[in-house]
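Chain naming here is simple, since letters A, B, ... match the order of the sequence lines and numbering starts at 1 in each.
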Number of protein chains: 2
Amino acid sequence: MANTVQGTQSFARSIGLLQHICDRASPPTLGDLLDECFFTRPTLYRLLNGLEAEGLIVQLRDKSYKPGPRLINLARSALATSDIRERARDALVRVRDQTGETVHLAVPSGDGLVYIDKIESLETVRMNSTVGTFVPLHSSGVGKAYLAALSDEELAAILDTVTLAPITPFTTIDPIKLREQITQCRAQGFVFDNQENETGIVCFGAAILDEDAKPIAAISISVPLFRLKKDISHYTAALKECVRWLSEDAI
Amino acid sequence: MANTVQGTQSFARSIGLLQHICDRASPPTLGDLLDECFFTRPTLYRLLNGLEAEGLIVQLRDKSYKPGPRLINLARSALATSDIRERARDALVRVRDQTGETVHLAVPSGDGLVYIDKIESLETVRMNSTVGTFVPLHSSGVGKAYLAALSDEELAAILDTVTLAPITPFTTIDPIKLREQITQCRAQGFVFDNQENETGIVCFGAAILDEDAKPIAAISISVPLFRLKKDISHYTAALKECVRWLSEDAI
DNA sequence: GTCGCACTGTCCACATTATGGGCAATTAGT
DNA sequence: ACTAATTGCCCATAATGTGGACAGTGCGAC
């Protein structure tokens, strides 16, 4: 919101509106959007027409709007050109096979991360998350792993701007505690997410670094609490080996 | 291009640029884009900054631009809110099981269609290679099926504006022949795509209609030529049953 | 049937916003 | 270190997006 690039106001408005429509549980109508967004009627109307003309949204019979299929087409390109996804695939499958649990790959996007790949657990009870899901920095294994891999300055800068919204009752909303967790995680080489993003699910996370030791992605192993093994090195060993391997062969 | 909605010029430019970047085989640099698009340097620079600020593109170390992860997040919403995808899933699996071949579901987007689901034998279904692919109207099973389900006026209007680009040596590029094919297809209840979109692959397609008998989606069965059964009713019977079932229970 | 209400869709003068010529800063190559 | 090619950035200009006010449309109540 604050980061206003000069000369792109209307574009930012349109994308903000698109995001809002995508985030809605049910397709909003023009009236809904008038209440929820701070646009005047003609402006909103024009923005919607622009989005619709581009196929980014489609208008349903009842005049409500929902995300359009062109987004799926654009996303395909994004997935296809993600070299980290390609490179990590085999290693992620290996981690899944070693641990038997679901493995996620995420990359930073905005003030959080987006899952760009998922290797499913072979067990019958699984998580119901999907590729494309946005997760906050403070309440997910991949998020905290990403934070822990940043420099102190970068970390401080982000923690100052981000609000720690409670996602579950377990979510860390105290910046001090979060910082403690991150410090601890740096020492042990992985992060632990204790049901902070989804009740009943714990995660182990670690970041993938580029040649400058900057995080470019993060992976996590998600385990249903009831199935969690006592010896967590079962998970963390596989995780650490994976990120070491992927970080080393960074171009 | 032609359909210019008033008051959205800069937005249309930005999306056009984004599409161009997504369509590129390799991430373009600012110089590349200056040659390929008709923007002045400052304009292009500003548009790129706007796209990057929104996370729709990311700038690589060598200053080139590629599609960003936010597109994947937006696409997830598009897939999640696609009721036809949800509704068709079971029926598509049935067709796959009956024929043993890959089944696609596509919806119209711009002057073509986009695959929004794919059922393949013994493959985990996720947002992978072909979901999100754009296919032209004239050179694909789903495209011709969609055309065949339109009224004569709508069909004529579209055939006047669309250029029949040759995708393979088999692609129908003669409007007269295409119209003949469509007429024939209407009579028999399905369309046949003889390697027109991919050499070595033939498709059988049919459209899914809403309560007003207007096409809202199309499905196709893709068969490698070498494996094609002599008795094509093996495919077309399953296909026709599927679309009849899906068209009937339209809300 | 027709009245009233709430909604979607549109016009047009205004000024805010995007535009692009030109130039500075940065990187790559010899 | 010097040149060449690239990226990055002002700022005057006018073209573009903005929003107040109003017209059209569909739907339910009485």
To the nearest Å, how far apart are [X] [atom1] and [N] [atom2]?
X: A:Arg41; N: D:dG24; atom1: CZ; atom2: P; value: 16 Å
X: B:Leu48; N: C:dA18; atom1: CG; atom2: P; value: 15 Å
X: B:Gln9; N: D:dA15; atom1: CD; atom2: P; value: 11 Å
X: B:Leu30; N: D:dA5; atom1: CG; atom2: P; value: 17 Å
X: B:Leu47; N: C:dG20; atom1: CG; atom2: C1'; value: 12 Å
X: B:Arg13; N: C:dG20; atom1: CZ; atom2: C1'; value: 10 Å
X: B:Gln59; N: C:dT27; atom1: CD; atom2: P; value: 12 Å
X: A:Arg46; N: D:dT16; atom1: CZ; atom2: C1'; value: 9 Å

When you measure from the side-chain N and O atoms of [X] to the phosphate of [N], is any distance below 4.0 Å, counting only OP1 and OP2?
X: A:Lys63; N: C:dG9; result: yes
X: B:Thr29; N: D:dT6; result: no
X: A:Tyr45; N: C:dT10; result: yes
X: A:Thr43; N: D:dG19; result: yes

Between [options], which one does the side chain of [X] approach most closely?
X: A:Pro42; options: C:dT10, D:dT18, C:dG9; value: C:dT10
X: A:Thr40; options: D:dC9, C:dG9, D:dG20; value: D:dG20
X: B:Tyr65; options: D:dG20, D:dG8, C:dT8; value: D:dG8

Heavy-atom count around B:Arg94 CZ within 6.0 Å, excluding the residue itself: above 12?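 No, the 6.0 Å shell around CZ holds no more than 12 heavy atoms from other groups.
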
Here's a test of your reading of the structure: between A:Leu34 and A:Phe11, which maps to the more 5' nucleotide of DNA chain C?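 Taking each residue's closest nucleotide, the earlier one in sequence belongs to A:Leu34.
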
A:Leu17 side chain near A:Ile57 side chain, heavy-atom distance below 4.5 Å: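 They are not in contact (no side-chain heavy atoms under 4.5 Å apart), so the answer is no.
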
With A:Phe11, the side-chain contact (heavy atoms from CB on, under 4.5 Å) member among B:Glu54, B:Arg13, B:Arg46: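 Among the candidates, only B:Glu54 passes.
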
Can a donor-acceptor pair be found between the side chains of A:Thr40 and A:Thr43 at a distance below 3.5 Å?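 Yes, a side-chain donor-acceptor pair sits under 3.5 Å.
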
CD1-CG distance between A:Ile15 and A:Leu51, expressed to the nearest 0.5 angstrom: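 A:Ile15 atom CD1 to A:Leu51 atom CG measures 7.0 Å (nearest 0.5 Å).
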
